[in-house]
Amino acid sequence: MITSARMAAVDRNAEALGVSPQQLMESGGNAVAKTVRELTDVDVESETPPVAVIVAGRGNNGGDGFVTARFLDEYIVSVLLLGRPETIRTSTAKQNWEALMKGGYDTTVVQDTSSIEIVGPNGESPDIVVDAMLGTGVTGALREPEATAASQINHTDATVLSVDVPSGVNADTGSSTGVAVEPNHVVTFHDQKPGLTAIDAGVTVADIGIPQAAEQTAGPGDLYSLSRPTQSHKGDFGEVLIIGGGPYTGAPALSAQAALRAGADLVRIACPVAIADEIQSYSESLIVRAYPGERLTPTALEHVQSLAVDHDVTVLGPGLGDDEKTLSVVASFLRGHTGTVVVDADALSVVPTVDPAGEIICTPHQGELEAMGGETADDWEHRAKKMSAFISELSDSHTLLVKGAIDIISNGETTRINRTGNPGMTVGGTGDILAGVVGALACVLSPIQAATVGAYANGRAGDITVEKRGNGLLATDLLETIPTALQDPKDVTAGVSSDD
């Protein structure tokens, strides 16, 4: 099963891997045509071939219908385009419409509902109607002319085949508002859609050539989950608490600034009063909430617990050090805090000894993973299996993001990998930045999504930095490139900002 949002992300990831939208549309149309043949009999000796009417919208679902027509030359085919050709919404669909024009296929442009007729080129009653109006990304009641077209499709005597999902049906829930196409069969792409289990129709799941890596490897499609509604308000994208500092001051400051660059609305740092002024001096954007002393000790536990309750996510560990009393506070905090906690640096050593009350996202490198009791391996696939086994020993509330040349992210059920990043990122501080980025993302995403997108963006920020400046990057360099790393590379290349 795959949701419509995840399917959109996988499509984009496939494109980033070199599988173009045109390739996928060609495969999709071919798969639909194959099912058309299975649903209708073609008598090669007959002087009257079967009649297929393709009712197409102006998006990629319609593009699949355009391709389908080209694979049905043994049929009498008519394509109805619902809307003007110049309003076709994607370049891929537009290319395939132009192919129909150049190929001399029978097409009708429908500009008002009164001109909709579900008939063949010469007025013939169709043997099969292909519903290629709207795909998985469209929800809500059908508008015109799609609503009238759907009603007419439902009243034909022909077999009805829907492309990917019946127009008007929610791909995730199977629900519909008002009229929706009632197909005899659906050809859906790549994987079953949850909503299709609720409809009374046969379903064919067609492999259209999306590689497994498009689902497993983090890519630009994963950034789709970060879209912001235009009517957003302060606080909608989370508040993060960084509990860090003592022996070190730079680490918590880097994590906090990274969380801000990754989209958190507010970030606060809980640190010893002895270093509070120094941490504050890193940036005027930092909000410091100090507690007495030079390190995190049991006397500060109540202070950090009360602060954490008012935050969406806590990042625990940057710069804390490995003092025994400090680690005892880390253990107590994890046992008592019911929210999401990103655990990094020395605090990681405590994780295997506690049963946490909330969700835990751990961000160790391979050495830290081994120190926690986990195992590693040279081959990433073997490493991933060992990670899953280790998570099962910990708790079902743990997500691990193990840093390396290939990052591995797993919660025991879902495993993702990330290939962004470069050897220059072994410099100190990049891990603190990753923890802050993941903390910000965990305010709005599930732990596995936050860790996946965080790994991708952190590594890509490093890649952008090296491309601009060459080797010898500093952790602070990543702070400048994180916002760009969280945008789709296509949008960056086209000069489209995340606010457009």
Side-chain angles (χ1 to χ4, degrees), residues 1-15 19-36 38-39 52-72 79-82 88-90 92-93 96-97 128-140 142 146 149-150 153-154 159-176 179-210 214-215 221 224:
M1 292 278 185
I2 189 167
T3 65
S4 56
R6 183 62 190 149
M7 190 67 237
V10 169
D11 277 342
R12 176 66 185 97
N13 286 348
E15 182 182 2
V19 182
S20 71
Q22 180 65 47
Q23 288 174 273
L24 297 181
M25 191 171 287
E26 193 76 5
S27 296
N30 192 4
V32 174
K34 178 182 177 183
T35 305
V36 168
E38 293 171 353
L39 295 174
V53 175
I54 299 170
V55 185
R58 292 169 293 126
N60 281 337
N61 198 252
D64 295 325
F66 304 154
V67 174
T68 299
R70 291 193 284 105
F71 282 101
L72 292 176
V79 178
L80 276 64
L81 173 63
L82 302 183
I88 293 175
R89 290 189 290 271
T90 72
T92 309
N96 283 300
W97 173 257
I128 188 164
V129 177
V130 177
D131 158 34
M133 293 190 292
L134 298 172
T136 57
V138 182
T139 59
L142 291 180
E146 288 82 8
I153 290 171
N154 291 341
T159 299
V160 177
L161 172 63
S162 287
V163 177
D164 213 12
V165 64
S167 296
V169 173
N170 186 301
D172 295 329
T173 66
S175 63
S176 59
V179 65
V181 173
E182 300 168 2
N184 302 101
H185 203 90
V186 179
V187 176
T188 196
F189 302 136
H190 182 62
D191 201 351
Q192 174 74 293
K193 311 305 185 296
L196 296 182
T197 61
I199 68 171
D200 184 18
V203 177
T204 296
V205 178
D207 182 351
I208 58 173
I210 293 176
E215 287 206 55
Y224 287 175

Does some side-chain heavy atom of Phe189 sit less than 4.5 Å from a side-chain heavy atom of Thr136? no
Closest non-hydrogen atom pair, Gly65 against Ala132: CA-CB, 3.9 Å
Nearest heavy-atom pair of Leu142 and Ala150: which atoms, and what distance? CD1-CB, 3.7 Å
Applying side-chain contact (heavy atoms from CB on, under 4.5 Å) between Val160 and each of Leu39, Val181, Asn154, Val130, report the one that passes. Val181
Are Ile2 and Lys193 packed together at the side-chain level, in the sense that at least one heavy-atom pair is separated by less than 4.5 angstrom? yes
Measuring from Thr92:OG1 to Glu26:CD, what's the distance to the nearest 0.5 Å? 11.0 Å
Return the minimal non-hydrogen interatomic distance between Val79 and Ala69, and the atom names on each side. CG2-CB, 3.8 Å
Closest non-hydrogen contact found for Thr188 with Asp191 is CG2-O, 3.7 Å
Let me see the working for Val163 and Ile54 under side chain to side chain contact (heavy atoms under 4.5 Å, CB included), right down to the final yes or no. CA-CA 10 Å; Val163 177; Ile54 299 170; over 6 Å; no
Are Leu24 and His190 close enough that some pair of their side-chain heavy atoms sits under 4.5 Å apart? no
Note, Pro166 side chain near Val186 side chain (heavy atom, < 4.5 Å): yes
Specify the closest pair of heavy atoms between Ile153 and Met133, including all atoms of both residues, with the distance to one decimal. CD1-CE, 4.2 Å
Any non-hydrogen side-chain atom of Asn30 less than 4.5 Å from a side-chain atom of Val67? no
From Asp11 atom CG to Asn60 atom CG, the distance as rounded to the nearest 0.5 Å: 8.5 Å
Without swapping roles, check the side chain of Thr159 against the backbone of Ile128 for a donor-acceptor pair under 3.5 Å. no
Decide yes or no for Leu82 and Arg58: does some side-chain heavy atom of the first lie under 4.5 Å from some side-chain heavy atom of the second? no
Of all residues at least two apart in sequence or in a different chain, which pass the side-chain contact (heavy atoms from CB on, under 4.5 Å) check with Ala9? Arg6
Nearest 0.5 angstrom please: Glu146 CD to Asp131 CG, how far? 10.0 Å
Worked check of side-chain hydrogen bond (donor to acceptor under 3.5 Å, both in side chains) between Asp172 and Ser4: CA-CA 6 Å; Asp172 295 329; Ser4 56; 2.8 Å; yes
Could you list the donor-acceptor pairs under 3.5 angstrom formed between side-chain atoms of residues 195-210 and any protein atom two or more places apart in sequence or on another chain?
from   : atom 1 : to     : atom 2 : distance (Å)
Thr197 : OG1    : Pro194 : O      : 2.8
Thr204 : OG1    : His185 : NE2    : 2.7
Asp207 : OD1    : Gly209 : N      : 2.9

If you define the side chain from C-beta out and look only at heavy atoms, does anything of Met7 sit under 4.5 Å from Asp164? no
Considering residues at least two apart in sequence or located in another chain, which fulfil the salt bridge (Lys or Arg N to Asp or Glu O under 4.0 Å) criterion with Arg12? Glu15, Asp488
State, to 0.1 Å, how close Phe71 and Ala33 come at their nearest heavy-atom pair, and which atoms those are. CB-CB, 3.5 Å
What's the separation between atom CG in Asp64 and atom CE in Met25, rounded to the nearest 0.5 Å? 5.0 Å
